[in-house]
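Input: a single structure, listed below in structure tokens.
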Amino acid sequence: MKIAVITGASSGLGGEISSIIADKKDIDEIWLVARRRDRLELLASKLSVKSRIITADLTERSCIDDYASLLASEKPDVKYLVNAAGAGKIGDYSEISSEDNDMMIDLNCRAAVDMTVATLPYMNKGSHIMEVCSTAAFQPFQYLSVYAASKAFLYRYSRALRVELFNRRISVTTVCPYWISDTEFIPVARKTGSSTGSKRVRHFVLSAHKRSVARMAVTDMCLGFAVSTPGPVCFVHRIVAKFIPHEIMMGLWALIRRI
Ligand SMILES: NC(=O)c1ccc[n+]([C@@H]2O[C@H](COP(=O)([O-])OP(=O)(O)OC[C@H]3O[C@@H](n4cnc5c(N)ncnc54)[C@H](OP(=O)(O)O)[C@@H]3O)[C@@H](O)[C@H]2O)c1
């Protein structure tokens with residue numbers, strides 16, 4: 001049985017990517033992973049392929065173990081693994097709680113690695129992994145410090161894993177979008193329990209839309225690209241951040257976040 005596994009499918013980018021992959025018609029089943037069952041059921045009812053709903057809080061190790069057990073019993077051929085589940089919080093070191101810091105590290109780093117490692121025994125030549133990272137991986141960002149660092153971790157992990165998987169002919173694509181305005185990410189990131197924290201980034205100028213980001217990301221994954229920058233802002237950011245020192249980039253961010 002050929003399947004796709006998509007985490008973060010209950011909302012935003014993960015939901016869009018699920019629809020695009022389902023429409024490709026090269027899998028028998030799609031496994032949708034997130035915490036909100038009702039949202040996954042709604043998505044499943046609209047997809048053009050059979051779905052399996054997996055309600056899981058990926059910050060809980062036991063949920064990853066349950067997923068690994070399911071793989072062991074079903075023994076599927078995983079053609080696509082998309083790790084889109086992720087979350088961020090905006091604020092300085094005192095405005096974001098330790099619980100939220102731990103949540104970002106657990107979800108954006110540990111869960112992505114654990115899901116990938118658990119799935120790899122069930123992937124074969126020609127299959128694809130997408131790790132949804134962020135343009136925040138390209139430099140440090142004050143007031144998004146833990147989030148940006150967590151995405152830098154995932155970026156480095158994914159780039160190295162890609163090389164380890166060359167011999168197995170499994171591609172790993174690291175997707176690095178800029179702000180996306182029509183997902184739940186920004187409202188969730190602004191909710192920190194601190195009124196000042198949420199205002200550290202005033203406007204999310206030049207934000208992209210989930211549909212176009214998802215389309216570009218899936219195309220780049222299927223082409224086997226190492227890095228996908230789905231949109232002009234993240235494309236330019238990736239190049240500029242290679243040549244300009246981080247101190248200057250953080251100075252530019254200090255201006256942009258006040259616009
Ligand atoms: N939107 C942006 O501006 C932006 C920019 C760059 C990168 N990204 C990245 O893009 C990815 C998708 O974000 P999005 O914009 O689509 O945001 P979103 O609409 O908030 O979607 C996040 C998804 O992650 C799932 N999730 C959150 N916590 C989870 C947990 N503990 N266990 C399992 N699933 C969990 C959510 O589902 P449940 O709540 O149902 O569990 C939801 O499906 C993230 O990795 C994010 O870092 C977003």
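Whatever order the structure lists them in is the order used to number ligands and atoms, beginning at 1.
- Closest protein heavy atom to atom 18 (P) of ligand 1: Ser11 OG, 3.5 Å.
- Between the choices Pro230, Ala9, Ala85, the shortest heavy-atom distance to atom 24 (O) of ligand 1 belongs to Ala85.
- Look at Arg61 and Asp114 and you find a salt bridge, because one of the NZ, NE, NH1 or NH2 atoms lies within 4.0 Å of a carboxylate O, short of that distance.
- Asp77 has a carboxylate O that lies under 4.0 Å from a charged side-chain N of Lys2, or vice versa, which qualifies the two as a salt bridge.
- Annotation: Thr183 places an N or O atom under 3.5 Å from an N or O atom of ligand 1; distance criterion only.
- Taking distance alone, with nitrogen or oxygen atoms compared against 3.5 Å, Gly8 approaches ligand 1 more closely than that limit.
- Aromatic ring centres of Phe204 and Phe185: separated by at least 6.0 Å.
- In this structure, a donor-acceptor pair under 3.5 Å is absent between the side chains of Tyr157 and Thr174.
- Taking any N or O of Ala84, backbone or side chain, at least one lies under 3.5 Å from an N or O belonging to ligand 1.
- For the pair Lys151 and ligand 1, the shortest N or O to N or O distance falls below 3.5 Å.
- Of all the heavy atoms of Leu107, the ones lying under 4.0 Å from any atom of ligand 1 belong exclusively to the side chain.
- With Arg35, Met103, Arg37 as candidates, the residue nearest to atom 39 (O) of ligand 1 on a non-hydrogen basis is Arg35.
- Within the structure, ligand 1 lacks Ala208 among the residues with a heavy atom less than 4.0 angstrom away.
- By the 4.0 Å heavy-atom criterion, Val188 is excluded from the residues contacting ligand 1.
- Of the candidates Val82, Val213, Asp57, Asp57 brings a heavy atom nearest to atom 31 (N) of ligand 1.
- Those atoms of ligand 1 that come under 4.0 Å of a heavy atom in Trp179, given as number and element, are 3 (O).
- Looking from atom 46 (C) of ligand 1 to the surrounding protein, the closest heavy atom is Tyr147 OH, 3.6 Å.
- By the criterion of a heavy-atom distance under 4.0 Å, neither the backbone nor the side chain of Cys63 is placed next to ligand 1.
- Taking any N or O of Gly14, backbone or side chain, none lies under 3.5 Å from an N or O belonging to ligand 1.
- A donor-acceptor contact under 3.5 angstrom links the side chains of Ser48 and Lys25, judged on distance only.
- Near Thr59, meaning under 4.0 Å from one of its heavy atoms, ligand 1 places the atoms 31 (N).
- Screening Leu81, Asp220, Val218, Ile21 against Met130 for a side chain to side chain contact (heavy atoms under 4.5 Å, CB included) leaves a single residue, Val218.
- Contacts between Ser181 and ligand 1, counted as non-hydrogen atom pairs separated by less than 4.0 Å, are absent for every part of the residue.
- Thr116 and Asn83 are linked by a side-chain donor-acceptor pair at a separation below 3.5 angstrom, with hydrogens and angles left out of the test.
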